[in-house]
Amino acid sequence: MLDQAFETLKTYDWGTDRNLLNPIDEAIVASQADPAARRGLEGRLVAVLKTDVTRAAKDFVCRALMILGTADSVPALAALLAEPEQSHMARYALERITAPEAAQAMRDALPKLDGQMKIGVIGSLGARRDVASVPALAALLGDTDTAIARSAALALGAIGTPAAAKALMRTKPTSAEAASAVTDAALDCAEGLLAAGKSVEALAVYKRFAGEDQPKHVRLAATRGMLACAGK
Amino acid sequence: MGHFSNTTRRDFLKAASAALTVPYVITSTALGNEDVPPASDRIVMGGIGIGNMGRGDQDAFLGRQDVQYVAVCDVREEERDKAKAKTDKHYQNSDCQAYNDFREMLARADIDAVHVATPDHWHAIIVIEACRSGKDVYCQKPETLTLREGPLMIEATRRYARVVSGGSQRVLEDYRETVDKCWGGELGTIQWINVNVGPLSQPCNLAPEEIPPGMDWNMWLGPAPWAPYNKARCDGNFGTSGNSWRSYMDYSGGGMTDWGAHHFGGATFAVDVREQQPEEIVYHDENGQKYLEYRYANGLLICHNRPDTGNLQVEGTPDEKLPPKPVPAYKGSGGIYGDFIECVKTRERPFRDIELAVNTVALSHLGIIAYRLQRSLKWDPAKQEFPGDEEANRFLDRARREPWQL
């Protein structure tokens with residue numbers, strides 16, 4: 001049954017009976033406590049990814065690798081990050097694979113990508129709260145593509161380290177979309193700083209957003225933060 | 001990767017939002033007339049995702065004299081045109097603006113609040129972006145698609161001191177007898193309560209069909225993986241057996257989340273664990289009959305599909321009566337919608353405050369993961385993770401299709 005399911009993958013396309021792949025799903029669940037079986041499954045799935053199968057088949061494989069992928073899957077997935085039709089599903093696996101190689105692969109891909117695929121990788125690094133990507137993300141805050149700048153800001157907010165906060169405080173957004181993201185991300189960082197006992201650093205962030213030039217809800221958030229920094 | 005890993009941070013958000021809640025100052029410039037309250041007493045609203053449940057939500061808000069409804073948004077031209085026409089007919093003008101992209105609506109400074117009834121895979125992104133834009137939100141249930149989304153929605157709500165209500169009216173209205181017995185002390189100390197609901201959503205591999213005119217398919221998919229258009233993939237009917245988006249895991253948790261939001265919501269309300277999440281999910285497979293027990297820190301159990309047990313059946317210790325507690329109720333008038341609007345005015349937390357709604361849908365998501373992995377799980381509510389369980393933790397979230405992120 002399992003062999004037949006892998007055979008199906010060779011011609012699998014949108015509209016093919018999805019149940020034909022169920023033996024692979026079942027093997028994934030059954031192998032939770034069997035590392036050797038897992039490695040075998042992973043190897044077979046990665047091998048499919050390297051062949052000229054359809055987008056639907058690669059979609060299925062990436063979903064499976066999201067569950068069981070290890071560092072061994074990373075090179076094949078990373079190779080798809082620059083493919084417009086595959087980039088998201090490659091991240092679908094890479095974002096959830098805990099091996100550090102997965103984050104490294106996305107960091108390595110970042111300078112080679114642009115547009116939507118770059119934004120996707122930025123988002124995944126943020127979702128992973130990947131501290132090592134802070135310098136690269138900080139450099140993107142001033143990107144001329146405001147969508148990239150916005151995405152980098154949100155990712156830095158999710159990571160939330162003091163270095164991320166500093167980068168957000170230094171930047172001067174050039175669009176309303178990026179400005180909103182920088183504000184939210186900086187407030188996100190400030191909450192983390194405050195929780196970590198760094199009230200001086202947090203207060204500096206809150207003060208920046210407490211002015212009359214800010215929207216009312218932002219001023220409210222900043223004021224509340226300043227009160228919290230003062231222990232009130 | 002849990003965003004709630006620092007409980008001090010969460011405590012700050014809770015304390016801060018409670019410490020500085022100010023009366024609402026209307027931002028609308030909408031004009032009044034003789035039949036409706038003046039602009040300063042009306043909430044200016046728009047609706048995002050305006051078919052099916054969104055249509056009902058729109059009707060409810062449109063019918064309120066303390067609401068000025070000014071905008072509709074849907075990725076289906078036909079639906080948004082119908083919703084605009086309905087609004088314009090109601091007000092006998094042509095002022096309602098129709099949008100394909102919710103971000104354009106959220107950018108409007110004159111809108112105070114929005115209701116959201118898109119498919120579930122859009123909820124978190126829209127709710128969080130609405131909070132960043134200073135809007136209050138009424139979001140249809142189930143409010144989340146993944147476990148990670150919930151804490152981020154709560155954080156955005158608290159950060160900007162927004163009023164964000166979940167959307168299950170049944171929590172308060174459908175299980176009243178059980179709620180009254182539990183809160184009234186008649187059943188003594190509650191041991192367990194059972195919820196019967198399902199099924200789980202499934203993978204989707206429907207064949208491509210031609211995209212109908214006026215449908216922005218890319219925007220419908222949004223953060224979900226790309227897939228070819230098929231009517232059954234995106235139909236908004238309430239089925240969960242393959243002919244609707246509620247059937248498919250990229251957009252929904254299936255009946256487990258869709259009706260689960262109602263039943264688990266009713267159960268957590270009845271036994272008063274709305275503010276908690278369980279610490280363990282015990283998976284049972286007895287001769288192919290699969291069911292769950294959610295174990296709370298206080299010893300209480302919520303069962304899912306317990307054999308030979310009715311929905312919302314509850315077991316207590318009726319020989320030891322407890323003193324009654326007052327049952328929480330909606331504020332304002334007009335059911336759950338009125339509760340939301342009243343809270344927008346007063347800045348109180350609504351009956352289905354987002355945190356309570358998130359705790360409810362978390363039960364559905366935790367259960368789905370246990371069923372998919374076919375084993376029991378430990379859960380750390382504070383850290384929002386499965387301790388030491390890397391495989392289960394992979395199901396906390398999913399990578400979103402570019403350019404969408406939380």
| field | Derivation and outcome, side chain to side chain contact (heavy atoms under 4.5 Å, CB included), residues B:D136 and A:H217 | value | CA-CA 11 Å; B:D136 296 323; A:H217 65 287; over 6 Å; no
[X] portion near chain A, given a 4.5 angstrom heavy-atom threshold:
| X | result |
| --- | --- |
| B:R375 | side chain |
| B:L373 | both |
| B:A392 | neither |
| B:E129 | side chain |

Would a distance-only check, ignoring hydrogens and angles, find a side-chain to backbone donor-acceptor pair under 3.5 Å from [X] to [Y]?
| X | Y | answer |
| --- | --- | --- |
| B:N205 | A:T16 | yes |
| B:R394 | A:G69 | yes |
| A:R96 | B:N393 | yes |
| B:R400 | A:G123 | no |

| query | Is the closest side-chain donor-acceptor distance between A:S151 and B:Q405 under 3.5 Å? | reply | yes
| Pairs involving residues 16-35 of chain A, ordered by first then second residue, that meet ring-ring contact (aromatic ring centres under 6.0 Å, His included) (sequence neighbours left out) | none
| Pair A:R38 + B:E391, salt bridge at N-O below 4.0 Å | yes
| note | When the 4.5 angstrom heavy-atom criterion is applied to A:R55 and chain B, the contacting part is side chain
| remark: Applying a strict 4.5 Å limit to non-hydrogen atoms, the region of A:L94 in contact with chain B is neither
